[in-house]
Amino acid sequence: IDAKGKQGEALPVTFLKVFNEHLGYYADNPRISELERDMDRQNKYQLFKDEFQKAHGSSWESTRHRSDFIENDIVKAIAASGHMPEDAARNWYRTIHEPFTITVEQFANIVKDYIATKEKGHHVVFMVDEVGQYIGENPELMLNLQTITEQFGSRCQGQAWMIVTSQQNIDDIMQVKGD
């Protein structure tokens, strides 16, 4: 988990990065990946990528990490795809570096919505290695982990699972600072 998340980062943000990466969305900027997810939901993502290729001369996937330098091409492609008008696309673009937060419930709903698009019996499994070192002595991160697991159970009806490993006993991790 340490390879994907920043120390102290809320677990839903870290998990969303990994999930976005798995789905082919841009994991390093959640605002961009949310745009990609929304366009995908509306069946406009491929059209956006085609329009971006025309405007910029290279693929979206190979260029999106340079979003700071290609504003006009991004905005034109969003508008040309019919996802939103150009002025709205420019307004959206101005928000891509604003702080991003996501609640556990929002993350669980994203996973639930994804599962709903798949065939019956499809499951999603998050495998988290060395969660104890990542959580350390932060009770908020332990609560995040517990809440994600509970939300998967209630919202995803057993189709989303979490498997964690830790060199420490899980009981020891839960004894955060004597709590």
Side-chain angles (χ1 to χ4, degrees), residues 1-130 134 148 152 155-156 159-163:
I1 191 168
D2 192 48
K4 296 294 182 180
K6 297 175 190 159
Q7 190 63 36
E9 180 176 70
L11 288 178
V13 174
T14 304
F15 278 46
L16 182 63
K17 284 180 193 176
V18 172
F19 193 56
N20 285 335
E21 185 175 60
H22 171 73
L23 297 178
Y25 302 139
Y26 187 49
D28 291 338
N29 186 313
R31 295 203 184 279
I32 292 175
S33 60
E34 285 303 303
L35 175 75
E36 293 170 326
R37 182 185 332 282
D38 194 45
M39 287 189 291
D40 217 0
R41 239 188 323 260
Q42 296 179 23
N43 295 317
K44 294 181 179 179
Y45 188 39
Q46 186 59 52
L47 180 56
F48 163 79
K49 292 191 290 187
D50 295 343
E51 292 296 333
F52 181 83
Q53 175 84 35
K54 282 187 224 172
H56 191 71
S58 60
S59 75
W60 170 245
E61 288 87 350
S62 68
T63 314
R64 61 188 172 190
H65 69 281
R66 298 180 49 242
S67 61
D68 289 345
F69 306 106
I70 53 176
E71 174 181 356
N72 287 333
D73 293 338
I74 294 172
V75 169
K76 285 179 189 173
I78 292 171
S81 72
H83 184 65
M84 63 179 85
E86 190 169 329
D87 59 335
R90 192 154 318 273
N91 287 337
W92 167 84
Y93 180 86
R94 291 182 183 125
T95 70
I96 66 171
H97 294 298
E98 290 180 3
F100 180 84
T101 59
I102 185 168
T103 66
V104 170
E105 293 83 9
Q106 289 168 325
F107 174 67
N109 282 332
I110 288 171
V111 174
K112 175 185 155 199
D113 291 346
Y114 168 76
I115 291 169
T117 68
K118 300 299 176 190
E119 68 280 351
K120 185 177 170 91
H122 185 87
H123 289 77
V124 174
V125 179
F126 288 84
M127 301 181 86
V128 187
D129 191 29
E130 288 305 332
Y134 188 79
I148 290 170
F152 279 177
R155 293 178 191 267
C156 299
Q159 291 180 279
W161 287 72
M162 184 180 314
I163 300 171

Side chains of Asn109 and Glu105: donor-acceptor distance under 3.5 Å anywhere? no
Heavy atoms, side chains only, cut-off 4.5 Å: are Ile148 and Pro12 in contact? yes
Lys44 side chain to Gly82 backbone, donor-acceptor under 3.5 Å: yes
Are any of the side-chain heavy atoms of Asp73 and Glu51 separated by less than 4.5 Å? no
Quick one, Val124 and Lys118 - any side-chain contact, counting heavy atoms below 4.5 Å? no
Closest non-hydrogen atom pair between Ala80 and Leu47, with its separation: O-CD2, 4.4 Å
Which one of Asn91, Asp38, Ile78 satisfies the side-chain contact (heavy atoms from CB on, under 4.5 Å) criterion with Met84? Ile78
First locate atom CE of Met162, then atom CZ of Phe152, and finally report the distance between them rounded to the nearest 0.5 Å. 5.0 Å
Quick check: do His122 and Tyr114 have side-chain heavy atoms less than 4.5 Å from each other? yes
Mind checking the OG-CZ spacing from Ser59 to Phe52? Nearest 0.5 Å is all I need. 8.0 Å
Interatomic distance, CZ@Phe48 vs OG@Ser81, rounded to 0.5 Å, equals 7.0 Å
Strictly by modelled atom types, are Asn20 and Arg37 linked by a side-chain donor-acceptor pair under 3.5 Å? yes
Looking only at heavy atoms, the pair that brings Pro85 and Ala79 closest together is C-CB, 4.3 Å
Show the numbers, then the answer: is there a side-chain contact (heavy atoms from CB on, under 4.5 Å) between Asp68 and His97? CA-CA 9 Å; Asp68 289 345; His97 294 298; 2.4 Å; yes
Check against side-chain contact (heavy atoms from CB on, under 4.5 Å), Arg90 and Glu71: CA-CA 8 Å; Arg90 192 154 318 273; Glu71 174 181 356; 3.0 Å; yes
Could you check if a side-chain atom of Asp28 sits within less than 4.5 angstrom of a side-chain atom of Arg64, using non-hydrogen atoms only? no
Distance check, rounded to the nearest 0.5 Å: Ser67 atom OG versus Ile32 atom CD1? 3.5 Å
Do Glu98 and Thr95 pass the side-chain hydrogen bond (donor to acceptor under 3.5 Å, both in side chains) test, and can you show the C-alpha distance, the side-chain angles, and the key distance before you say yes or no? CA-CA 5 Å; Glu98 290 180 3; Thr95 70; 5.2 Å; no
Is there side-chain contact between Trp60 and Ile74, with heavy atoms separated by less than 4.5 Å? yes
Between the CD atom in Glu21 and the OH atom in Tyr26, the distance rounded to the nearest 0.5 Å is 11.0 Å
Do Phe107 and Phe126 make the cut of ring centroids closer than 6.0 angstrom? yes
Answer whether the closest heavy-atom distance between the side chains of Ile110 and Glu34 falls below 4.5 Å. yes
Taking the side chain as C-beta and beyond, is there a heavy-atom pair between Lys49 and Met39 under 4.5 Å? no
Value rounded to 0.5 Å, distance of CG in Asn72 from OH in Tyr93: 9.0 Å
